[in-house]
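Protein chains get the first letters and strands the later ones, always in sequence-line order, with residue 1 at the start of each. What you see is a predicted model, and the numbers here were worked out from it, not measured in a lab.
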Amino acid sequence: MPELPEVETVCRTLRRHVLGQRIQALEVVQPKLRWPVDVPSLQEAACGRTVVAVRRRAKYILMDLAGSNPPVTVVAVHLGMSGILQVVPKGAPRRPHDHVVWTLGAKQIRYNDPRRFGSVHSFAAQNEAAHPLFAHLGPEPLDGSVFDGAYLYGQCRGKNRCIKQLIMDARVVVGVGNIYASEALWRSGISPRMSARRLSRPRAALLAQAIVATLEEAIEQGGTTLRDFADANAQAGHFGQRLKVYDRAAEPCEVCETLVRRIVQGARSTYYCRVCQKA
DNA sequence: CGAACCTCCTGCGGGC
DNA sequence: TGCCCGCAGGAGGTTC
């Protein structure tokens, strides 16, 4: 499942392939995604325009497209659970679950998503901040000017909910998905079941650092082990990264050998070490 | 404010 | 071995 590091890697690969290229055509094979694709809007926002930037906000991949009226439009792609963006030669055989296809010269960008939990939106760049998808989003975890121990501690004040659910709340901080939430909590020695309001200032700082370090390491691994994530021969996966607790129920904790435990919080699996992680 | 549940969908794993 | 059932999961939404 694409989490922030995977999305960042896709972004970087996409940037390499399509920056400066002009979009000639758009084909929507399957408009029924997480939200129905607005085909006319997407058409107008993309066709005849030039890719001037590829960015990431939370887990959205954003392509800035220059043209006239409006001068810049944005295409926002969310990969959901099983989505992938591939850059392939125009003539490459179509695969099952290729839902949206952009043609740029001899290349195509193809949005492929078996489960269709992802989405494709478009809007004028000037409307981005106010767009319903983005208006409520918290800071980027890798934006050190906002997200740090003091910020996280502030967000925890008076919150009577488990710390794991708090760090997965996009209003608090974006891009911390189920996998990295478990990993960062293990790394900082904090129980996922702990109430946010009881987290001390120093431990909030530890957790913030752990979130940043876990994501940065994963991005680095994504860049080295799966550089071609968005290329024709892409393989989705966990980037070969060695996860410490996630999906390792009943396996020994690498620090203390206690068997990793799986619990369910907010209908999602949480993995942790009862000995290393304390409330 | 927060918990619980719903919705979208398909691949895959467990059970038989 | 093969088939079928049920679950997982990002994220916005609703209800209590």
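- Figure legend: cation-pi geometry between Arg157(A) and Tyr153(A), with NZ or CZ positioned under 6.0 Å from the six-membered ring centre and within 45° of its axis.
- Counting any heavy atom pair closer than 4.0 Å across all strands shown, Arg161(A) reaches sugar-phosphate atoms only and no base atom.
- To the nearest angstrom, P of dT10(B) lies 8 Å from NE2 of His99(A).
- Residue Arg262(A) has a polar side-chain atom (N or O) positioned under 4.0 Å from OP1 or OP2 of dA8(C).
- In this structure, Asp169(A) atom CG and dG13(C) atom C1' are separated by 14 Å, rounded to whole Å.
- Look at Glu8(A) and Arg55(A) and you find no salt bridge, because none of the NZ, NE, NH1 or NH2 atoms lies under 4.0 Å from a carboxylate O.
- Summarising the geometry, the separation between CD1 on Ile179(A) and C1' on dA8(C) is reported as 12 Å, rounded to the nearest angstrom.
- Rounded to a whole Å, the CG atom of Asn112(A) is 10 Å from the P atom of dG11(B).
- Considering only side-chain N and O atoms, Tyr246(A) lies under 4.0 angstrom from the phosphate OP1 or OP2 of dG9(C).
- Taking the six-membered ring where tryptophan is involved, the planes of Tyr111(A) and His99(A) are tilted, since the angle between them lies from 30° to 60°.
- Looking at heavy-atom distances under 4.0 Å, Lys159(A) makes contact with sugar-phosphate atoms alone, never a base.
- Contact annotation: Lys59(A) side-chain N/O to dA11(C) OP1/OP2 distance is under 4.0 Å.
- A residue-by-residue look at Arg115(A) and His136(A) shows that Arg115(A) has its nearest nucleotide of DNA chain C further toward the 5' end.
- If you take CE of Met81(A) and C1' of dG12(C), they are 16 Å apart, rounded to a whole angstrom.
- The heavy-atom pair separating Ala196(A) from Lys159(A) by the smallest distance is CB-O, 3.6 Å.
- Residue contacts for Asn178(A): at a heavy-atom cut-off of 4.0 Å it reaches the sugar-phosphate backbone alone, with no base atom in range.
- As rounded to whole Å, 14 Å separates atom P of dG9(C) from atom OH of Tyr180(A).
- Summarising the geometry, the separation between CG on Asp247(A) and P on dA8(C) is reported as 12 Å, rounded to the nearest angstrom.
- Look at Arg56(A) and Glu140(A) and you find a salt bridge, because one of the NZ, NE, NH1 or NH2 atoms lies within 4.0 Å of a carboxylate O, short of that distance.
- Note on Arg34(A): every side-chain N or O is 4.0 Å or more away from OP1 and OP2 of dC9(B).
- Backbone-only contact: Ser269(A) has heavy atoms under 4.0 Å from sugar-phosphate atoms and none from a base.
- Distance CD1 (Ile163(A)) to P (dG2(B)): 12 Å, rounded to an integer number of Å.
- Where Gly158(A) and Ala267(A) each meet DNA chain B at their nearest nucleotide, the meeting point lying more 5' is that of Gly158(A).
- When distances run from any side-chain atom of His97(A) to the nucleotides dG2(B), dG10(C), dG11(B), the shortest one goes to dG11(B).
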